[in-house]
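Please read the structure below before turning to the comments.
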Number of protein chains: 2
Amino acid sequence: MSTVDLAPQELRTLVAVAEEGGFSAAAVRLGTTQSAVSHAVRGIERKLGVVLFERGRFGARPTPAGARAVSHGRRVLRMLDVLVAETRSGSPAEVAGPLRIAAFRSAALHLLPPVLERLTARHPALEPTVTVVREVGPGTAGAVAEGRADLGIATFGTSAPIPPELVGDVLLEEPYSLVHPAGHPDPRSLPLVDWLENCSSYTRTWWAAQDWIPTATVRAEDDGAVLSMVSSGLGMAIMPALSLTGAPLSTQITDLGPDRPTRQIGYVTTPELAGTAAVRALVRELRELREPRELRAHANPAATTTKPQLRAV
Amino acid sequence: MSTVDLAPQELRTLVAVAEEGGFSAAAVRLGTTQSAVSHAVRGIERKLGVVLFERGRFGARPTPAGARAVSHGRRVLRMLDVLVAETRSGSPAEVAGPLRIAAFRSAALHLLPPVLERLTARHPALEPTVTVVREVGPGTAGAVAEGRADLGIATFGTSAPIPPELVGDVLLEEPYSLVHPAGHPDPRSLPLVDWLENCSSYTRTWWAAQDWIPTATVRAEDDGAVLSMVSSGLGMAIMPALSLTGAPLSTQITDLGPDRPTRQIGYVTTPELAGTAAVRALVRELRELREPRELRAHANPAATTTKPQLRAV
DNA sequence: CGCATCCATGAGTCGCCCTCATAGCTTCGC
DNA sequence: GCGAAGCTATGAGGGCGACTCATGGATGCG
């Protein structure tokens, strides 16, 4: 037996240092002193016999070993939370505890509220928190992979590929539409407004095939800003349905026809969290989105995967 | 933040109490005093606000909440071990540390040895241990679910269903055959020898449809005992191929024809361990069982991984 | 060079957890 | 009924680990 014990407080210290990028900042987050963090990290490194952080003027950056330790540490901490929550609640059916959701902006605004309402109605002891994450770079899936969230609402096909160690499923497919100021005679002649997260490769291909689409002349910060620009008459945009829910009356939405591009929205989570009662309850509610409710979303349940009873590793 | 911290030492105390069945015995195992165990358990119960053990003359038995805590605790402790092992070893390719395998008797005897030989040849620092678990009740899957093993070799379809929080895959399907004393003129007239773990529902159905099969007159402890009885001329038996490997020369095996029953053998592990280097290395070796080894050189590696990139939950 | 901002280190303090000793409870055997 | 033999519960005291405080060293910046 090597008998190396890492206390939860030590794991939290590792995670804080990695996320804050320095001992001092980590100390602030942990509500302790820089000295305590330094002592703790040094102690852990001595116990493990491995240097976990490169120190320097810049602060502290994880070494490869440190990155592994931090990633595992986050998962262990999360499992400890699950232990506490599921030990306290009388049965697995009784779902309780925190549930951290990462979502991109439009999903957080238009997709999640009704889902979370039903979820908390069914499980009052559940405390879901939603973090808005830019769907660029690692995106929401990255937040889940790094243990910052328990479940992510992600767009598939757009942005970076999903890390292989995550599991998930597609929830719905939504079309892109043309949005422009209401009553404009020739909206396609307007300048194009684009935004950062709007970068599906499939969409881009379709985009390039349309000769009427100009290169973007305006680039906004997020889809909400795009919509506000369009409603002010500054131009037109091509946006997914989710970003267009609740679009102001001064805008007009035009279908792009049968060849319109679409994007897939789904959820991702880690295998070990997929089994927890809280995540499963949320996934159950999210699946309801696949059944076409009378409202807007053009859900396409056709492509639902046939699931084997046992999932391969 | 409720922020209830359970130190590894506390988790080990819970596990020890549950497994030893009492505070005093747990104290001996932990190399500490009964008083320390009592204080620790009481402290944990106060932190969680839940009674974890029923105390009495008999010692201590886990309450339902206690059983959940112990089961989660074992898994957290295991993940902490993995954290230490994988942080220390230079790369994920460098696999090291203990690997606990639960298997039913015939798999441990006839299936695992060559697999483990190849595994340890490839990863000398890996220390696999095999525990033989009766495939009755929770079986090997139960051992994995409760954190007593990292990976289980299980029969699917037979015994209890696999707990939903586990993951795994089928490795091979093997037929049942008739085994009887060599040279017997009418083996089907012999009395039937059965054993405890032999209880697949599918097999039973097939069984009932065969008019020549009598009800079992002898019931042995395990498949090895059955085989020994058969070889002594005490009767005939219907056994899966794995139990018949290395059957003595005094026995004779007769194929049961195209409608013969079969059983599926596979592996089971927890989602959080499925991602660890050690378990993945073992699974890779186990997968070799699916294809005859001499074909492996020509096998298309892509064909073995035709699984969807995202696994549904 | 003075300054700001990092981390490192040593001494002192506090709190937690363990040990020791003992008390309470239940179940046997007689 | 009574004591012995199992358990666990509890209180007092001590040791060790973790934190704080104060200070020092390294490094980049104007």
Whole Å only: how far is the CG atom of Leu30(A) from the P atom of dA18(D)? 15 Å

Please determine if Arg55(B) forms a cation-pi arrangement with Phe53(B), meaning its NZ or CZ atom is less than 6.0 Å from the six-membered ring centre and no more than 45° off the ring axis. no

When you compare the side chain of Leu282(A) with that of Leu116(A), does any pair of heavy atoms fall below 4.5 Å? yes

Nearest-angstrom distance from the residue atom CZ of Phe53(B) to P of dA9(D): 11 Å

Using heavy atoms and a sub-4.0 Å distance, could you list which residues of residues 32-48 of chain A are near DNA chain D? By number, please. Thr32(A), Thr33(A), Ser35(A), Ala36(A), His39(A)

CZ/Arg29(B): more than 12 non-hydrogen atoms of other groups inside 6.0 Å: yes

Provide, to the nearest angstrom, the distance between the CD atom belonging to Gln9(A) and the P atom belonging to dC17(C). 13 Å

Can you confirm whether Thr13(A) sits close enough to Gln9(A) that some side-chain heavy atom of one is under 4.5 Å from a side-chain heavy atom of the other? yes

Kindly say if Arg55(A) contacts the phosphate of dA8(C), meaning a side-chain N or O under 4.0 Å from OP1 or OP2. yes

Find the distance Asp5(A):CG to dC16(D):C1' and express it as a whole number of Å. 15 Å

How close or far is atom P of dT26(C) from atom CD of Glu54(B), stated in whole angstroms? 15 Å

Quick one: do Arg75(B) and Glu272(B) make a salt bridge, cutoff under 4.0 Å? yes

Value in whole Å for how far the C1' atom of dC25(C) lies from CZ of Phe23(B): 14 Å

Phe58(B) has an atom CZ; how far is it from atom C1' of dC25(C), in whole Å? 12 Å

Check ion pair Arg12(B)-Glu19(B) (N to O, under 4.0 angstrom): no

